[in-house]
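Report on one structure; see the data block that follows.
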Amino acid sequence: MKLHIGCGKEILDGWINIDKYPMTPQVQQVDITKFPLPFKDNQSEYIRMRNILEHLPIESQLKLFDELYRITNKGGRIWIRVP
């Protein structure tokens with residue numbers, strides 16, 4: 001599974017696109033400050049987040065890192081971009 005967190009209007013084909021406020025039917029509504037995230041352990045091979053982390057309280061950021069680690073499989077990648 002490839003997971004695109006906080007996708008907004010940027011829908012990636014072949015990915016699970018999630019956002020707190022989905023703008024299209026292709027996007028699943030997921031609040032990444034509510035734990036645990038609705039994904040199984042070691043399920044994701046790639047996680048992508050762009051310009052989201054800086055909007056979360058520090059406590060949620062730390063818990064989110066734990067969750068990302070939990071759902072990423074061995075050898076998986078997590079790509080995070082912040083301004």
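Nothing here was measured: the structure is a model prediction, and the numbers come from that model. Residues take their numbers from the sequence shown, with the count starting at 1.
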CG on Asn42 to CZ on Arg70, rounded to 0.5 Å: 9.0 Å
If you compare all heavy atoms of Met23 against all heavy atoms of Gly8, which two are closest, and at what distance to 0.1 Å? SD-C, 4.3 Å
Between the main-chain N or O of Arg48 and the side-chain N or O of Arg81, is there a donor-acceptor pair closer than 3.5 Å? no
Just wondering, do Ile32 and Ile18 contact through their side chains at under 4.5 Å, heavy atoms? yes
Rounded to the nearest 0.5 Å, how far apart are CD1 of Ile78 and CD1 of Ile71? 7.5 Å
pair Ile47-Tyr69: side-chain heavy atoms closer than 4.5 Å: no
Verify, without hydrogens or angle tests, whether Ser44 (side chain) and Lys2 (backbone) share a donor-acceptor contact under 3.5 angstrom. no
Gap separating the OG1 atom of Thr72 from the CG atom of Leu3, nearest 0.5 angstrom: 8.5 Å
Counting C-beta onward and ignoring hydrogens, is there a side-chain heavy-atom pair between Trp15 and Met1 closer than 4.5 Å? no
When you measure from the side chain of Asn17 to the backbone N and O of Leu12, does any donor-acceptor pair fall under 3.5 Å? yes
Distance-only, no hydrogens or angles: does the His4 side chain make a donor-acceptor pair with backbone N or O of Glu10 under 3.5 Å? yes
Salt bridge (Lys or Arg N to Asp or Glu O under 4.0 Å) partners of Arg77, counting only residues at least two apart: none
Would you check, one step at a time, whether the test side-chain contact (heavy atoms from CB on, under 4.5 Å) holds for Asn73 with Tyr46? CA-CA 9 Å; Asn73 61 25; Tyr46 201 97; over 6 Å; no
Is it true that a side-chain atom of Ser60 and a backbone atom of Leu56 form a donor plus acceptor pair closer than 3.5 Å? no
Cluster overlap Val82 with Leu62, hydrophobic side-chain contacts below 4.5 Å: no
From Ile52 atom CD1 to Ile80 atom CD1, the distance as rounded to the nearest 0.5 Å: 9.0 Å
Does Leu37 offer a backbone N or O that forms a donor-acceptor pair with the side chain of Glu67 under 3.5 Å? yes
Is the CG atom of Asp66 crowded by more than 12 outside heavy atoms at less than 6.0 Å? yes
How far does CE of Met49 sit from CD of Glu54, to the nearest 0.5 angstrom? 8.5 Å
